[in-house]
Amino acid sequence: MSGTSNLDKISQGRLSYNWALKSMKIISKITEKYEKRKPLAGLDLAFCLHITKETSVLIMAARKLGGNIILCSANPLSVQSDILEFLKDNEIIVHAKTKMNEKEYLENIKKVLNTNPDLITDDGSTMHLYCHKMGSKNVIGGTEETTSGINRLQVLDTKKLLKYPIIGVNNAYTKYLFDNRYGTGQSTIDGILRTTNIFIPGKNFIILGYGWVGKGISSCLRGLGAQVTVIEVNPIRALEAYMDGYIVSRIEEVADKGDFFITCTGQKNVLRKEHIDRMKDGVFIANAGHFDVEIDLRYIKQQDKNPIIVRPNVDSYNINGKTVNLLSKGRVLNLVGGEGHSPEVMSLSFGNQLLSILYIIENHKKMQNHLYPVPKNIDNTIAKYALEAFGIEIDNPTKEQLDYHNEVNIQI
Ligand code: ADE
């Protein structure tokens with residue numbers, strides 16, 4: 001957190017941790033349930049996550065369940081300095097610093113792997129990939145947080161190259177429906193406002209990609225009065241965007257019309273020379289996907305070697321005499337320009353992580369070296385805990401309804 005208080009970093013980090021903890025009731029509930037049993041005792045757990053206040057809640061919970069934790073960052077620019085100091089003060093081994101270059105960031109992932117962990121929890125699968133390259137030795141299993149990470153693991157799984165079982169946490173309903181959609185929707189707006197403080201109503205936003213992240217961002221922007229155009233290559237998603245009421249178009253059609261472009265496709269170079277050259281003077285471009293590959297950064301950097309850093313996380317490039325404002329260096333805007341998702345929604349995602357870790361520890365001997373979905377009962381448990389946390393009660397089906405559901409109700 002940027003924090004304007006004059007508290008020292010560790011005290012600020014402790015306040016931020018406690019602030020998040022209060023809203024992450026699912027994690028507290030799981031911790032209370034398992035704390036006495038210490039199911040993670042004797043295990044070295046590697047985590048490669050954005051080092052945020054929400055992550056500190058997961059890390060401290062895993063420690064309370066008995067785990068030895070070794071942590072590094074899932075992005076060179078997403079480390080919150082107060083949390084970093086707070087975790088170190090709590091004797092968590094952290095290989096990270098606040099602003100790393102690409103090399104330092106990758107070196108830190110390797111340092112964590114060199115400790116030969118028993119289990120890996122990753123965000124983006126860079127650690128999983130390095131582990132496969134370097135040799136997995138002790139690893140009994142792992143988990144993965146994101147769509148982008150799961151895409152990478154799916155390739156390995158199809159080629160039968162996975163060396164340990166991995167649970168794809170991203171694909172739980174209680175993860176992507178809420179975190180990817182509402183979490184990223186809201187935190188991307190936060191990233192836009194913190195970096196630019198622009199006025200959103202009436203602005204012409206072009207959203208590239210209509211997966212769960214694209215849906216969340218589009219809907220939040222529309223709620224704030226923006227005009228939203230969606231660009232999609234998938235015909236079903238494009239149709240969905242159209243029926244959700246957005247303008248659906250081709251990037252060539254709108255490259256010179258957008259005030260603000262946001263990529264969230266998981267694909268490479270979706271914004272490139274032929275689009276950037278035609279953009280309006282003063283345009284904003286940002287990425288909301290996990291990797292900084294969606295905007296052709298090489299092209300932008302070649303055009304202007306000395307961009308003006310007009311504000312934190314806003315680099316103004318002069319391209320053919322026009323100003324192109326690149327936000328958060330093309331890295332994931334909500335975590336680099338903002339603070340990431342709010343604790344309430346990370347409670348669901350990290351609740352899935354924690355229960356999936358416990359599942360692997362209990363079941364890894366029966367599992368193959370495959371990519372697994374989050375077990376249904378974990379997904380349902382997280383939904384129940386979330387409803388409880390929000391104070392929402394729901395009905396149960398009657399016995400008659402359960403019987404009706406289980407009968408064949410057709411008179412033959
Ligand atoms: N991914 C998105 N938001 C996050 C957060 N607040 N903490 C950790 N990972 C995140």
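When a ligand or atom number is given, it counts from 1 through the structure's own listing order. Values below: every heavy atom of this structure, side chains too, minus hydrogens, waters and symmetry copies. Along the sequence shown, residues carry numbers from 1.
Judged as a side chain to side chain contact (heavy atoms under 4.5 Å, CB included), and not counting sequence neighbours, the contacts of T115 are I70, P117. Scored by the side chain to side chain contact (heavy atoms under 4.5 Å, CB included) test, D190 finds R194, E339 as partners (sequence neighbours excluded).
Using bins of under 30°, 30° to 60° and over 60° for the plane-to-plane angle, the ring pair Y173/Y176 lands in the tilted bin.
Listed by first then second residue, pairs satisfying ring-ring contact (aromatic ring centres under 6.0 Å, His included) with a partner in residues 60-93 read Y17-F86, not counting sequence neighbours.
To the nearest 0.5 Å, atoms OG (S356) and CD (E145) are separated by 10.0 Å.
Residue Y164 forms a ring-ring contact (aromatic ring centres under 6.0 Å, His included) with just one option from H370, H132, H364, and that option is H132.
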Tabulate distances under 3.5 Å between N/O atoms of ligand 1 and N/O atoms of the protein, writing both atom names on each line.
{"unit_1": "ligand 1", "atom_1": "3 (N)", "unit_2": "H341", "atom_2": "N", "d": "2.8"}
{"unit_1": "ligand 1", "atom_1": "3 (N)", "unit_2": "H341", "atom_2": "ND1", "d": "3.4"}
{"unit_1": "ligand 1", "atom_1": "6 (N)", "unit_2": "E54", "atom_2": "OE1", "d": "2.9"}
{"unit_1": "ligand 1", "atom_1": "6 (N)", "unit_2": "H341", "atom_2": "N", "d": "3.3"}
{"unit_1": "ligand 1", "atom_1": "6 (N)", "unit_2": "H341", "atom_2": "O", "d": "3.0"}
{"unit_1": "ligand 1", "atom_1": "7 (N)", "unit_2": "T52", "atom_2": "OG1", "d": "2.7"}

